[in-house]
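Let me begin by handing over the structure; questions about it come next.
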Amino acid sequence: MTAGTQDELKTKLRKKFSAHEVGEMCCLGRCHENAAFHVNGTNYSGTDIDSIDSICKKEYSTAEKYNVGNMGSPILTNTHAPFDDYYKIFVKVLQTDPLQCLAELKDSGLRGRGGAGFSLAFKLESCRNVEDDMKFIVCNADEGDPGAYSDRYVMEQRPHALLMGMMIAGYITGASVGVVYIRGEYPESVKIISDAIAKLHAHNFLGKNILGSNFNFDFKVIKAQGAYICGEETALLSSLEGQRPEVRVRPPYPTQKGLFNKPTVVNNVETLANLPFIMRNGGKAYSSIGTPKSTGTKLISLDGHFNKPGIYEADMGTPLRVIIDKLGGGFKHPVKAMHIGGPLGGLVPVSKIDDLTLDFDSFAKEGFLLGHASVVCIPEDYPLIDYLEHLFRFTAHESCGKCFPCRLGSTRGYEMIDKARTSDYKMDRELMDDLLETLETGSLCALGGGLPLPVKNALKYFDAELAPYFKK
Ligand SMILES: Cc1cc2nc3c(=O)[nH]c(=O)nc-3n(C[C@H](O)[C@H](O)[C@H](O)COP(=O)(O)O)c2cc1C
Ligand code: SF4
């Protein structure tokens, strides 16, 4: 949307297809080159649209390209050992006491990469402590944040880091089933992960009594069906059970009563993919990278507004300026803000770049959110009021409807902004502030609860641009 490629893309598609054949999909994970579309099970982007005739004749293969780079002590973007050598880590884990593995994880200080930054060791320990003969490790590969494609990178380029990570989590907790819940918009990831699981079967790394260790583990891959809210962990569990993806009230937490009411760990792709490194090198080696409270490295997704869009890995604590200029090669054209960490993340004005480092605390201290570290740029000439309207509309569309602050509030916000944008109606600032407070404090989950953050950032840093839409 902020790249401005949608209208031209749709016009070109409508020349080839009838109006009822052209629909809408959410993020295909192609923000590095934009103009993304999906035909007959395959994703395309960039200049692919100009080959639409060949695409329809199945005579064209997409040549998607994005940069991959790193600085510091890379873990996920460096070259991994060949399959047999790499799985020596898992063989060693099977010979180690699960409590010792858990201790390494505690030493690592690894925090969840999917948004909230919750301790992985704490989650695994609480699942381990619940007695049950059936437990699940669920990988949240829904990667719904527009602008994010780092989980896609891990699944397609480092599938075994993720799968081994889930197997290790199963070994620590006593879970025997791993469910990989992959967004349906990533057909390539579904295929690569399924093929990688088949390879594990062929090498006897899955099934019952793996390598004589008494440990049982197997996978199931689920193709999600295109709802952002399904990335929220409890909505995801409802979706897996075949129910409406409605958010659940916590407690009980998934580690106590999760999938089919069984103890369940839900973690992000990137979080789990760090486990092999920790098991091979030890928790302290991991925590020596990054900052004391944000250990390890973080993957960052840079969009097509950068000179070098792509997936980059940097140590936690790296200055944001270095990531933008050194890794991303700077902005292609003037940009006024970056939406970092998905639609519920903060709107960072370029004037704040030098105050931020890539870690949970720095972002929180400055009133933003690191989240999954996806970066969507807002060009200088892109009207912020349009962007805010889109955020409310997106939330209204995705709201699961369980709690009224989000169900009603997102729609009221959208209506209010749309009216101010398209007529001489002026918004009441006090009413907007009340709405944001209600959403923030009254919503059951972080969809309604998180929407106010970017809106407040916009109102604070872009007051002059937004003032004409409010009563004096
Ligand atoms: C609306 C919404 C969407 C979310 N989408 C995702 C997602 O696509 N991927 C993800 O890993 N976490 C997502 N989360 C966060 C998950 O609820 C959960 O915190 C995460 O899977 C935990 O894993 P982690 O500790 O490894 O980060 C979302 C949360 C909300 C409120
Ligand atoms: S905040 Fe929105 S998405 Fe979350 S539980 Fe409430 S209605 Fe559902």
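Counting starts at 1 for both ligands and their atoms, in listed order. Computation of the quantities below employed the complete heavy-atom set of this structure, encompassing side-chain atoms and omitting hydrogens, waters and symmetry-equivalent molecules.
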>> I need the nearest protein heavy-atom contact for atom 29 (C) of ligand 1: residue, atom name and distance, please.
In response: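 Heavy-atom neighbour on the protein nearest atom 29 (C) of ligand 1: Glu232 CA, 3.7 Å.
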> Going by the order shown, which atoms of ligand 1 are within less than 4.0 Å of some heavy atom of Val266?
Replying inline: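 Those qualifying, in numeric order: 22 (C), 23 (O).
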> What atoms of ligand 2 come closer than 4.0 angstrom to any heavy atom of Leu447?
Replying inline: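 Per the distance check, 3 (S).
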> Distance under 6.0 Å and angle within 45° of the ring axis: does Arg407 meet both against Phe404?
Replying inline: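 The answer is no, since Arg407 fails at least one limit relative to Phe404.
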> Counting from 1, what ligand 1 atoms have a heavy atom of Asp142 closer than 4.0 Å?
Replying inline: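 Those atoms are 8 (O).
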> Any side-chain heavy atom of Tyr181 sitting closer than 4.5 Å to one from Ser239?
Replying inline: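 Yes; the side chains approach each other to less than 4.5 Å.
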>> Within ligand 2, which atoms have a heavy atom of Ser443 less than 4.0 Å away?
In response: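 Counting from 1, the qualifying ligand atoms are 1 (S).
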> Which heavy atom of Pro245 sits nearest a heavy atom of Cys230, and at what distance?
Replying inline: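 Nearest pair, atom of Pro245 first, then Cys230: CB-SG, 3.5 Å.
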>> Is any side-chain heavy atom of Cys101 closer than 4.5 Å to one of Val93?
In response: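 The answer is yes; the side chains approach within 4.5 Å.
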> Given that the side chain starts at C-beta and the backbone is N, CA, C, O, which of these parts of Lys123 lies under 4.0 Å from ligand 1, counting heavy atoms, or is it both or neither?
Replying inline: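 Near ligand 1, Lys123 shows its side chain, while the N, CA, C and O stay back.
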> Of the listed options (Asn268, Val269, Asn274, Val138), which comes nearest to atom 23 (O) of ligand 1 when hydrogens are ignored and any heavy atom counts?
Replying inline: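 Shortest heavy-atom distance from atom 23 (O) of ligand 1: Asn268.
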> Should Asp145 be counted as touching ligand 1, given the test is an N or O pair under 3.5 Å?
Replying inline: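 No.
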> Below 6.0 angstrom between ring centroids: does that apply to His32 and Tyr149?
Replying inline: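 That pair passes the under 6.0 Å test.
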> Got an N/O contact under 3.5 Å between Cys445 and ligand 1?
Replying inline: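 Not met; the criterion fails.
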> Considering only the protein, which heavy-atom contact is closest to atom 2 (Fe) of ligand 2, and what is its distance?
Replying inline: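 For atom 2 (Fe) of ligand 2, the nearest protein heavy atom is Cys406 SG, 2.3 Å.
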> Is there side-chain contact between Val269 and Arg152, with heavy atoms separated by less than 4.5 Å?
Replying inline: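 Not touching, per the 4.5 Å side-chain cut-off.
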> Run the salt bridge (charged side-chain N to carboxylate O under 4.0 Å, His left out) check on Glu389 and Arg421 step by step: do they pass?
Replying inline: CA-CA 9 Å; Glu389 185 246 27; Arg421 210 173 55 99; 3.3 Å; yes
> How long is the gap from CG on Asn34 to CD on Gln6, to the nearest 0.5 Å?
Replying inline: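 Going from CG on Asn34 over to CD on Gln6, the span is 8.5 Å.
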> By number and element, which atoms of ligand 2 are closer than 4.0 Å to a non-hydrogen atom of Gly401?
Replying inline: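 Matching atoms, with element in brackets: 7 (S), 8 (Fe).
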>> Salt bridge or not between Arg248 and Glu232? Use side-chain N to carboxylate O under 4.0 Å.
In response: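 Judged by the 4.0 Å cut-off on N to carboxylate O distance, Arg248 and Glu232 do not form a salt bridge.
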> Which ligand 1 atoms are under 4.0 Å away from a heavy-atom of Thr271?
Replying inline: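 That gives atoms 24 (P), 26 (O) of ligand 1.
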> If you count the atoms of ligand 2 from 1 in the order shown, which ones are under 4.0 Å from a heavy atom of Ile229?
Replying inline: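 Here the atoms of ligand 2 in question are 3 (S).
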>> With side chain to side chain contact (heavy atoms under 4.5 Å, CB included) as the criterion, how do Ile417 and Met427 come out once you've worked through the C-alpha distance, each side chain's angles and the decisive distance to 0.1 Å?
In response: CA-CA 7 Å; Ile417 296 179; Met427 290 184 276; 3.9 Å; yes
> Is the closest N or O pair between Gly144 and ligand 1 shorter than 3.5 Å?
Replying inline: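 Between Gly144 and ligand 1 (N or O atoms, distance only) the closest approach is under 3.5 Å.
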> Relative to Phe83, does Lys199 satisfy both conditions: NZ or CZ under 6.0 angstrom from the six-membered ring centre, and within 45 degrees of the ring's axis?
Replying inline: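 Here Lys199 passes the 6.0 Å and 45° test against Phe83.
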> Heavy atoms only: which of Arg113, Glu233, Arg183 is nearest to atom 17 (O) of ligand 1?
Replying inline: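 The nearest heavy atom belongs to Glu233.
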> For atom 6 (Fe) of ligand 2, what is the nearest protein heavy atom, given as residue, atom name and distance?
Replying inline: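 Residue, atom and distance for the closest contact: Cys403 SG, 2.2 Å.
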>> For the residue pair Tyr387 / His339, report whether a side-chain donor-acceptor contact shorter than 3.5 Å exists.
In response: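 There is such a pair (donor and acceptor under 3.5 Å, judged by atom type) between the side chains of His339 and Tyr387.
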>> Between Glu104 and Lys284, does any side-chain N to carboxylate O distance fall below 4.0 Å?
In response: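 No.
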> Quick one: does ligand 2 sit under 4.0 Å from the side chain of Thr395, the backbone, both or neither, non-hydrogen atoms only?
Replying inline: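 Within the 4.0 Å criterion, Thr395 makes no contact with ligand 2.
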> Does any N, O or S atom in Cys445 come within less than 2.8 Å of atom 2 (Fe) of ligand 2?
Replying inline: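 Not a single backbone or side-chain N, O or S atom of Cys445 is under 2.8 Å from atom 2 (Fe) of ligand 2.
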> Considering only the protein, which heavy-atom contact is closest to atom 27 (O) of ligand 1, and what is its distance?
Replying inline: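 Here the nearest protein heavy atom works out to Gly114 N, 2.7 Å.
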> Among all protein non-hydrogen atoms, which one is nearest to atom 25 (O) of ligand 1, and what is the separation to 0.1 Å?
Replying inline: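 Looking at atom 25 (O) of ligand 1, the protein heavy atom closest to it is Asn267 ND2, 3.2 Å.
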> Has ligand 1 got any nitrogen or oxygen that is less than 3.5 angstrom from a nitrogen or oxygen of Gly231?
Replying inline: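 Checking ligand 1 against Gly231, an N or O pair does fall under 3.5 Å apart.
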> Quick one: which ligand 1 atoms are inside 4.0 Å of a heavy atom on Gly112?
Replying inline: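 Listed by number with element: 24 (P), 25 (O), 26 (O), 27 (O).
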> Which one of Tyr87, Phe215, Tyr86 satisfies the ring-ring contact (aromatic ring centres under 6.0 Å, His included) criterion with Phe205?
Replying inline: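 Testing Phe205 for a ring-ring contact (aromatic ring centres under 6.0 Å, His included) against Tyr87, Phe215, Tyr86 leaves exactly one candidate, Tyr87.
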> Quick one: does Tyr228 get an N or O within less than 3.5 Å of an N or O on ligand 1?
Replying inline: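 The answer is no, given that Tyr228 and ligand 1 share no N or O pair closer than 3.5 Å.
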> Heavy atoms, side chains only, cut-off 4.5 Å: are Leu444 and Val249 in contact?
Replying inline: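 With C-beta onward as the side chain, the pair touches.
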>> Students should be able to answer this: which protein heavy-atom is nearest to atom 8 (Fe) of ligand 2, and at what distance?
In response: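 Residue, atom and distance for the closest contact: Cys400 SG, 2.4 Å.
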> For ligand 2, which atoms sit closer than 4.0 Å to a heavy atom of Ser399?
Replying inline: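 Near Ser399, the atoms of ligand 2 are 2 (Fe), 7 (S).
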> Counting only heavy atoms, which portion of Glu143 has something under 4.0 Å from ligand 1: side chain, backbone, both, or neither?
Replying inline: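 It is the backbone that gets close, since no side chain atom is under 4.0 Å.
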> Any N/O of Asn140 closer than 3.5 Å to an N/O of ligand 1?
Replying inline: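 By distance alone, the answer is yes.
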>> Just to verify, which of Val180, Val179, Ile137, Val177 counts as forming a side chain to side chain contact (heavy atoms under 4.5 Å, CB included) with Phe219?
In response: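 Going through the options one by one, the only one that passes is Val180.
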> Can you list the atoms of ligand 2 that are under 4.0 Å from a heavy atom of Gly448?
Replying inline: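 Reading through ligand 2 atom by atom, the close ones are 1 (S).
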